[in-house]
Amino acid sequence: EGIRITENQKTGAVIQKLLVDDKIELVMNNGDLLTYKVQSVTQVTTADTSILYDTKPSLVIILIKPDDVNRWVVFAYP
């Protein structure tokens, strides 16, 4: 699953403070709770599409900042 979030001061600060093994919980519309553990938080360029090619179930959170060629990306696994 992938989530794109527009980067601002608050979202950037939250993402950059995440640590390996921190939990991310998503509550779905049907009430299901999905829990993921952070594997890494890194910056990639907008041209790097390899972040979307994982073959294992995962969560990728991408912070979008229109004027920047770099993106903060969080990789998390169930």
Side-chain angles (χ1 to χ4, degrees):
E1 300 187 41
I3 299 174
R4 296 182 332 170
I5 301 172
T6 302
E7 183 175 347
N8 59 41
Q9 191 173 11
K10 289 180 183 178
T11 58
V14 168
I15 293 299
Q16 291 176 44
K17 288 182 181 179
L18 287 172
L19 301 173
V20 171
D21 290 333
D22 279 353
K23 288 184 181 177
I24 298 173
E25 294 182 336
L26 300 179
V27 179
M28 308 308 283
N29 288 340
N30 65 0
D32 286 352
L33 177 66
L34 304 176
T35 303
Y36 295 87
K37 278 190 175 184
V38 173
Q39 180 187 24
S40 66
V41 179
T42 188
Q43 278 194 309
V44 299
T45 66
T46 55
D48 186 356
T49 58
S50 68
I51 61 172
L52 303 173
Y53 297 143
D54 201 339
T55 58
K56 300 181 289 186
S58 62
L59 173 68
V60 179
I61 301 172
I62 305 168
L63 288 187
I64 304 298
K65 191 172 185 180
D67 300 337
D68 198 341
V69 296
N70 292 311
R71 306 276 193 253
W72 280 102
V73 178
V74 177
F75 297 95
Y77 294 90

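Computation of the quantities below employed the complete heavy-atom set of this structure, encompassing side-chain atoms and omitting hydrogens, waters and symmetry-equivalent molecules.
Linking ILVMFWY residues whenever their side-chain heavy atoms come closer than 4.5 Å, directly or via other members, leaves I5 and V14 in distinct clusters. Both F75 and I64 sit in one connected hydrophobic cluster of ILVMFWY residues. Membership requires side-chain heavy atoms under 4.5 Å apart, directly or through other members. Cluster membership for Y36 and M28, using ILVMFWY side-chain heavy atoms within less than 4.5 angstrom, is shared.
Atom-to-atom distance recorded for T46:OG1 and D68:CG is 8.5 Å, nearest 0.5 angstrom. Atom CD of Q43 is separated from atom CG of N70 by 5.0 Å, given to the nearest 0.5 angstrom. Here T35 contributes atom OG1 and E25 contributes atom CD; the two are 4.5 Å apart, rounded to the nearest 0.5 Å.
Here the closest heavy-atom approach between residue P78 and residue P57 is recorded as CD-O, 3.4 Å. Between S58 and Y77 the shortest heavy-atom distance is CB-CE2, 3.3 Å. Across every non-hydrogen atom of K65 and R71, the tightest pair is O-NH1, 2.9 Å. Smallest separation of non-hydrogen atoms from T11 and L63: O-CD1, 3.8 Å.
The only option from L19, V74, V20, D22 that meets the side-chain contact (heavy atoms from CB on, under 4.5 Å) definition with V41 turns out to be V74. Of the listed residues (D21, I15, I24), just one forms a side-chain contact (heavy atoms from CB on, under 4.5 Å) with V38, and that residue is I24.
A heavy-atom distance below 4.5 Å is not found between the side chains of L34 and L59.
The neighbour count for N29 CG, taken as heavy atoms of other residues, nucleotides or ligands under 6.0 Å away, does not exceed 12.
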